[in-house]
> 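Structure below; questions to follow.
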Amino acid sequence: MRTDLPPGWPTTIAEARALQERLCDEVVTTGGPEAPGLIAGVDVHVAERTGLTWAAVALVDGSGLELVESALAAVPTGFPYVPGYLSFREIPAVLAALSLLDRAPDLVMVDGQGIAHPRRLGIAAHLGVLLDVPTIGVAKSRLIGQHDEPACTKGSRVPLTHKGEIIGAVVRTRDGVSPLYVSVGHRIGLERAVELVLATTTRWRLPEPTRLADKLSRMHPV
DNA sequence: GCGACAG
DNA sequence: ATCTTGTCGC
C-alpha cells in the first residue's frame, strides 16, 4: 500500500483545486471486495492548541468486526478547513497513521464524502486514488446534493443527487437516528458500499471501523 | 450578490 | 473540528 505523501502536495486552494480536477478522472466507481478480510476505519482530530492534526486508524476483522490492530499519528496542521478541500487538511495525517499498520486493509472507510463532492473528489475518493485501495465515504452530514428524508427504520435509504447524477445514498443505519451520507470512494460501486456500511454497523450509528477510529482519535495524547 | 458549506 | 456538565430519554 502506497502511504507516502505525493511530491508537490498543495499548499494553496488554487493548487488544491487544480489537483482535484486532474485526479477526479482516476476514480473508479465500480467493483468492490466481496468479503473484505480487513477493513480500516479512519478519523481525524485537529488540536488547535498544539497545532497538530491527529489521525487514528482502526483495523477491523471483516467477519467478526473485532479490532485487530490500531494506529495513531500526528502531523503539523498544514492546511485550513475549507469546505470542498478537506483532504488537503487531513490526508497527510491519515497516510502517516496508515503507514504504521502491520497489515494492509482490503477496504478503507473514511469519515467524510467520497464522490459526493463539487468536483467528485471528496477525501474518501482522494485517499482511495492515492492508496489504490477500495474506499467508502461515510459522512455524518451533507456537503452537496439533494435528497428526500429516508424512512426512520434501519436500512432505509434514498439517493443523493447532484446535477442529475446519483452521487451517493442517505442511509439510516439505526432506527430513529440521523442518517449517514454514504458515497463511493474508489474501486467500489454504490450498492456494495451501502451494503458494507450496513453490514458493519452493530448497535451504534456509525459502522464499527469508523466508530472505533473515532473513539481512538479522541484519545490522542495532545 | 446571497446563501450553503464534509471535518 | 472545537468549546463543554449535566441531563433527557430509552
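Values reported hereafter were calculated over all heavy atoms of this structure, with side chains retained and with hydrogens, waters and symmetry mates removed. So that the names make sense, note that chain A is the first sequence line, chain B the second, and so on, each numbered from 1.
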> Asp175(A) has an atom CG; how far is it from atom P of dC10(C), in whole Å?
14 Å
> Can you measure His147(A) atom NE2 to dA6(B) atom P for me and round it to whole angstrom units?
12 Å
> Using a strict 4.0 Å threshold on nitrogen-to-oxygen distance, state whether Lys215(A) and Glu208(A) make a salt bridge.
no
> Check the distance between dC5(B)'s P and Arg89(A)'s CZ and give it to me in whole angstrom.
19 Å
> Flag yes if Val138(A) and Val171(A) sit in one hydrophobic cluster, no otherwise; membership is Ile, Leu, Val, Met, Phe, Trp, Tyr, and two members link when side-chain heavy atoms are under 4.5 Å apart.
yes
> Go through Arg218(A) and Asp43(A) one step at a time and tell me if the salt bridge (Lys or Arg N to Asp or Glu O under 4.0 Å) criterion holds.
CA-CA 9 Å; Arg218(A) 293 173 191 284; Asp43(A) 190 39; 5.7 Å; no
> Just the rounded figure in Å: distance from P of dG7(B) to CG of Asp214(A).
11 Å
> Would you indicate, yes or no, if dG7(B) has its OP1 or OP2 atom less than 4.0 angstrom from a side-chain nitrogen or oxygen of Ser141(A)?
yes
> Which part of the nucleic acid, if any, lies within reach of Gly137(A) when heavy atoms closer than 4.0 Å are counted: base, sugar-phosphate only, or nothing?
nothing
> I need the CG-C1' distance between Asp43(A) and dT2(C), as an integer number of Å.
14 Å
> Can you check whether Tyr81(A) has a side-chain N or O nearer than 4.0 Å to OP1 or OP2 of dA6(B)?
yes
> Using a heavy-atom cut-off of under 4.0 Å over every strand shown, decide if Ile123(A) touches base, sugar-phosphate, or nothing.
base
> Which of these nucleotides, dG7(B), dA4(B), dA6(B), is closest to any side-chain atom of Arg142(A)?
dA4(B)
> Classify the nucleic acid contact of Tyr85(A) as base, sugar-phosphate or nothing, counting any heavy atom under 4.0 Å across all strands shown.
base
> Are Leu196(A) and Val42(A) connected in the hydrophobic side-chain network, where two residues link if heavy atoms are under 4.5 Å apart?
yes
> Under 4.0 Å between any heavy atoms, over every strand shown, what does Gln113(A) touch: base, sugar-phosphate, or nothing? Just pick one.
base
> State whether Arg172(A) and Glu149(A) are salt-bridged, where the test is any N-O pair (Lys NZ or Arg NE/NH1/NH2 against Asp/Glu carboxylate O) under 4.0 Å.
yes
> Rounded to whole Å, how long is the line connecting atom NE2 of His162(A) with atom P of dA6(B)?
14 Å
> How many whole angstroms separate atom NE2 of His45(A) from atom P of dA6(B)?
16 Å
> Could you tell me how far apart Glu48(A) (CD) and dA1(C) (P) are, to the nearest whole angstrom?
14 Å
> Which listed nucleotide (dT2(C), dG7(B), dC5(B)) is nearest to the side chain of Lys140(A)?
dG7(B)
